[in-house]
Structure formats: C-alpha cells, structure tokens
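Structure record follows, encoded as structure tokens.
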Amino acid sequence: MRRMKLAVATSAAAVLALSACAGDESDLDGEGDGGGGTLNMQIGEVFSLIPGGSGESEGFRIMKNVYEGLVYYNAETGEPENLVAEEISTEDNTTWTIKIKEGLTFHNDEPVNAEAFMRSWNRTAYGPNALRLNYFFATFEGYDEMNPDPLPEEEWADPEVPEFPEVETTELSGVTAVDEYTIQVQLKAPFAAFSTMLGYEAFFPVAEECLEDTEACEKKPIGNGPFMFEEEYNLESGGTAVAWDGYQGEHAPSIDAVEWHVYLEGDDCWADFMTGDIDVCRPTAADYEQAVNDPELAERRITGPDPSLTVLGFPMYAEPYDDVNIRRAISMAIDREGVINVVGADRFVPATSWVPESILGGGTGICGEYCTHNPEEAQRLIEEAGGWPEGQKLELWVNDASDNLDIFRAIGDSISESLGIEYELVSMEWGDFLLAREGHTVEGPFRSGWSPDYNLNENYLEPIYGGGAATNDYGFENEEYNAKIAEAGAAASLEEAVEIYAEAEAILAEDFPSAPVFEDKVNFFYSERVSNVIVNPIYAGPGGDAELRDIVINE
Amino acid sequence: MTELTAPTAQSEVPQASLWKDAFRTMARRPDVIFATLIMLFVFTMAAFPGLFTDKDPTRCLGRDARLRPDTWFTGEHPLGTDGFGCDFAATIVHGTRPTITLALTVIILSVLIGMTLGILAGYFGRWVDAIISRALDVFIVIPLMMGAILLLSLFRGRGSSGNLLETVGPAALALTLFGWMEFCRYARAATIETKNLDYVTAARCLGARDRRIMFKHVLPNAIVPITAIVPTSLGSVIVAEAALAVLGIGVQPPATSWGVLLSNGTQWAGGGYIYLFGIPLVLLILTVFAFATFGDALRDALDPKLR
C-alpha cells in the first residue's frame, strides 16, 4: 500500500466514542516540572505504529518522533542528514555500507544495532506479513524470494489483506551485518538515491520485544526516539507520548510531552484550536478568511510549500478516456485558480507538473498548456477526439473524506462549464475507493493524492505510474518510460539520476495518464503558548503539524 | 329514494356557508392577507422558478465564489453567489420546489393516513379503536426528530440523482411516519362526537351502510378541525426538514432545499458571509410565520368556540 494523503473511514460510532473520551489531560500537566509542558497536537486516523505498517502521513508523524531512523530530513531543506547512521557510503550505487552509531538503545534498553534494523526490514519485506510498506524493499536483493505471487483472491479471509503461500525465506539475502554496527545492503540494480529513502518509516529499527508481541507494541510502541508512550495509544481517542529520559541522540525536544487528539471523518481541529485546546491547526475553507483577517492570529501563521499533490487520474482502460485528447481536454477544462478560490485561497497552488516544485527535480512545468485553463482549446480537442459520447455523464470518482467532495464538486463545475457536459460525483469510502482503483472498476476520472516518501522526483513517478498497465491505478504502460526509470536508477550520481527522472516525467506528460490539479500549501496557525514552530517541507500532516523536536512551549 | 337524499342535501347548505363565513372573517384580517401574500409568493416560486430568476443554479464559476450581494436584487448576481460560485438567488428559488413538495407530500399523506385511521377508530370503536389508539400512543411517544433520524440513517450516503422523488422520498417517508398522529386524533374525536348525532342515526335507520355514513356524513364534519391544523403543520414540516438537513440526512445534495442552504450557510456565517445563512433563514422564518398565522386564523374562523 502506498503512502497517500490522510484518508479517514470510520463509523459515526467512532466519532461519538471520541467525543466521549476526549478532555482528560489535566492529570498529565502536573508531572512536567522541568518547564517544557505538554503540547496538544491534532492527528487523524493512524494505521499502525510499528515501522513498515503505516504508510500514511498520520502514523509517520507519530513514528518519526517515537522512533529514530538512520537519517532525518532537515526541517528547512528536506535534505537527509545522518541521525542514527554514522556514515552511509557506496561506490557503485548497488552495494551500500551503513555504519551505525554505537551505544544507542531502545526505550526498553535493548541495543540499537545492525540486528535491530535488519529485524525490522526483514519483517516488512516478508510478503506474507502483508505490510503496507513492503514495496520499499522491492529494490533489495532477495526480495523476490520472500514475495511469491499471492494466492487467488477468492481464498483470502479478508478481501483487503492478500494471503500468500508458505514462504521459506524470512530474511533478505541482500542485507548482511558486517559487524555489530555495520549493515551492508545489496540492491538488485543501481539506485543512486537510495540514501534519501532511509529516513522513512519503512527503514526504522524495531526492538526484539516488540516483535514478540506486536499487538501490545502496536498500542505502546517500543522505539528509540526522543518520545515514548507510557500509556497505550488509542486509535480513536489518541494518547500522550512523554519525552524519554534516556534519549542519547542529537535531536532532543524541549517539550515534556505531546498529547495527540484524534479527529476523524471530516471533523477538524479548528474549533478546539480557537479555544486553546490544540496548539497547531489548519483552518477549513470556511474559517480560513476570518483567520487570515484576524491581525492577532495572522502573526501566528505559518505558510510554506507542501509537496502533497492532487491529481485527477484517468482510467486509461475505459472509454473515452483511452484517447489522449479527451484526457488533455479535461485537464484544460479545469479552472484551477477558480477551484482554489472555492476551497480556500492559500491552501493550494495550481500544479504545472507531475512532481511538485519543493521536491528534488520537481517543478519542471512540463504539463504546460495542458494544465492551463483554456475552454476553447479543450472543446477543440474534444471535437478532434470525435466528440464527447452522446448522453454520457462525466463521472468523477472520489473518496468522501475531509472536504474532497467540495473540491471535486468545484472541479466538476469547472469542467462542466468549460465543456458543456454534465457530471456527477461518485463518492466512496476510502477502503472501497482504493479497491476500486486498484481493481480498475473505476469508470471515470478519479481523485488521486500523493505525499512523498522521500525527497526525490522518482517517488512521484515510479511508485505511481510504474509496474505496468495491470498494476497501477491508471492502466498506464509505456516501454520508453520504464526504460528511462531503469536508466535513471543506474545513473552514476544523484544529480544525474534526478535529470533522467525528469526526462521520464516528460514521457509521462506525452501520455497524460493524469491531470495534475494542485500542490498543497502549508497554512497552519499556532497557539500563543508555542514558538519555534517549524513545518517540515517534505512531511507534514494535512490538518496541522510541526517539528516536535524543535517546537518550544513558552509558559 | 327521494327521502333518502333530501336530508343530506339540506345538511350541505349550512356547511357551505360555514366555509364562506370563514373566508369572509379571514379576508377582513390584515395579518391573514399578509400571510396569504407570502404563501402565494412561496408557492409561485416553487411552481414557476423561471419567473424569479433566469440563472441556472447548477452553473457555478469557482472564480465568482462568495461574491457578496452588494447590488441587492439587481445586477448579475441579485443575492450574490454561494461558496461554489453558483448564483445564490437562483439556488434559493430552485431550492423552493423540493422544500414545498416535501411539505405538501408529507401533509397530504399524513392527512390521508390520519383521517382514515381516525374515522375508522372513532366509528367502529371497540377493538378497532383499541388497536389504532394504542398504535397512536406508540407513535406519539417517539419524538418526531428521533424517529426521523433513526429512519433516515438507513438511507445515508445513498446520494441522489436529482430526480425529485428520489430527492424528497426518504425524508417525506420519515416525516409522514411520525407526523400522522395529530390528524388521527382530531378525526377520531370528531367522529365519536358526530356518530351519535341525530342525522347519523337517521341515516343508519334508513339503511345506509357504514361506508356511506363514514364518508358522506361523518367525514364532512371531521374535516373541519383537520383543515384548521394543516397550515400550521406545513410550517412545522418545513422546519423539521431544515433540522434534518442540518444533520445531513434530509434532502440529499446535489439537490437543494432551504434546509440544505441553511446548513451550508452556517459554516460560512462564522467566516463573515452572513448572507449565505441569513437569507434562507429569513425566508424560512417568514414562510413558517405565514403558515402559522394563516392556520391560526383559519381555526378561529372555522371554530368560533375557540375564540
């Protein structure tokens, strides 16, 4: 499963349960006499708290503070900097040697060594575990042996969790421990950007005790990061992580604890932010204008680029979307500025390429005229494609979380106005929506959002459009494109790779499997009691987020 | 046979003058005239939206979103535009039809169900009355809102294709199911009162069947108190629809009703776009006021004892 923007799908009962459990934080405030205090953060639905199992923004926001990876992405540039790693080196981009700092431990005093990392990687790479970030290890030597073809779908107990035949191999043959603190990784093919991936959740270490009882660890993760859970985290009511006394790393927080407050199903934190119960929050479109016009609030506003990208994907396997002119026409029919005006200025910027500007190698503007609103040209393209099928409504498929329906209604209104065709929204719950996309049962343009896993344009190209027509959601396949991606992986240096990936993006632009709609923009407000609020340019939760290791509580 | 029809014909004469009297009394009251004008305005809007706006409410330009109605009733957007850039005047005018259709459907169905059951219960008494009255008690105990919410949650997320029946169907069903009781009680009481009157006894003596007595002799009497509460009930159905819409389970978008407009407007009101909330609210209050005033006056006129 890939890392997509926060999507929530829970029953109304969950929301009721949430409101019943919220607001029991007073007992914690007394403990922090070191001055720091407890930070109140909003969070959405978390899938997992064990590395490799989450693959979405919210789980990662907790994990990156409870665990500590080999590298950490600099909060200003997004560049990876060594954290647990002492040194990461390679000569041919295929064999990588990772040296780990000595003497670090987990919250339960287990050592953080090569074994701790390999334990985690082998677990995620093992196909039958069906973990969401399994695909991250596809480039590793020995991955195929651990991931045979899954059993036929009819035999799965749960239609969303694939089941596999018995697999003998439980360890990646491409990962070996040279000594207690050195890991050697053998990739299948050269991948110049390998080290940029290592700060992501998929590569975090796991304690032995955690794997002995994953159910308990899921609730109370045993990490090696600066925060630890003393009490269990609850998916519906959140939980509190306190600063860990034994933290020896380099990036320690100043706050004593962070309490996560859960908001599900289109619920948002703004009302609680206004009463001071949440410290960092994003206003909804309706509240946005008032927030910006409030001089006092405006001082506590933080803006910046957010590399989350929203695209309108085309089912290239279905008529009439198999025609590139239809795809281009629909893209040109979208008045991106107008849509942004509806859903909140400053929340998005119109996208002009398939990789956002803030990502390494992004912002090429390759989409050009096809990402510019031009109703006449759009109509001409439709004519050229033989006209819009008589009497057919344009179906826009979208998952119902957050304000997606509003956004896609605005997009639909705009297409309808430009092309003179009727449209309707087909809204689904997140889980069903994912299955429909993967199973190619979607019959019209659909919503697709992507937040990066690491700072490289490759992450917007290969995981989304690669794998062949049967695998990706779009039914897109292009030999030339696949060859370019492979060529870039084998490039001698990162810079060179980035350039070749950009060429692959140009091939993508020719085929137009999706229409880039907009890039997100961070637009958060923070409370009076905090300062030094930094939002990571690569990873930020959509509803409001900050670097917990840097934020300071003033009181 | 002539003897049989003669008394009936006579009994219709004072009835006709009862309605005429009522009309005369009401036409003299200025508040009733004002209320009638509002009702006419609303019904015309529902029947002929084209008279009030030439804009298409589904044509929405994102760039024009949330234009305030600075020109008021004139210009390109007489009442500004809503959050999606649709003309707000057109949205309101076209939202009237589902609102009124729903209210009328609910009342007609409720009157039919309530009156039939009420007359049956009052006329036959005994076990028929027992069953119907107990059912009545059960439904009266369940609050309208709770019942409607429970029932409508079954229809959640099914969306609507814009077809009027599909749009208002579930809400109409729910509101009818929990809205017929009052009519039933009035009809039952009036029937019990009427069935022992001399002319009914006379009709029975002359060999009239139950059905004939119920519909020819009892019904015309029972319908008077029911007519008096219809306008007031219409108003309360409109309010109930708005409440359901705010909870997100009434009329389903993309179709609009006043309730849907109100509920959409509330989220913008806090952000400084009070007109998106205020205009539908004023319209709703005026309409409910008109129905209530009219209903009150009608009851006074039809039943001078209550005055």
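Each chain gets a letter, A, B and so on, in the order its sequence line appears, and its residues count up from 1.
Pairing each heavy atom of B/Leu61 with each of A/Glu417, the nearest pair is CD2-CG, 3.4 Å. In terms of heavy-atom proximity, B/Phe84 sits nearest to A/Val342 at CD2-CG1, 3.6 Å.
For A/Gln379, the CD atom is densely surrounded, since the number of other residues' heavy atoms within 6.0 Å is greater than 12. Counting heavy atoms of neighbouring residues, nucleotides and ligands inside a 6.0 Å radius, atom CZ of B/Arg59 does not exceed 12 of them. Within a 6.0 Å sphere centred on CZ of B/Phe43, other residues, nucleotides and ligands contribute more than 12 heavy atoms. Open room surrounds CZ on B/Phe34; 12 or fewer heavy atoms of other groups in view lie less than 6.0 Å from it.
When heavy atoms are compared at a cutoff of 4.5 Å, A/Asp406 approaches chain B by way of both its backbone and its side chain.
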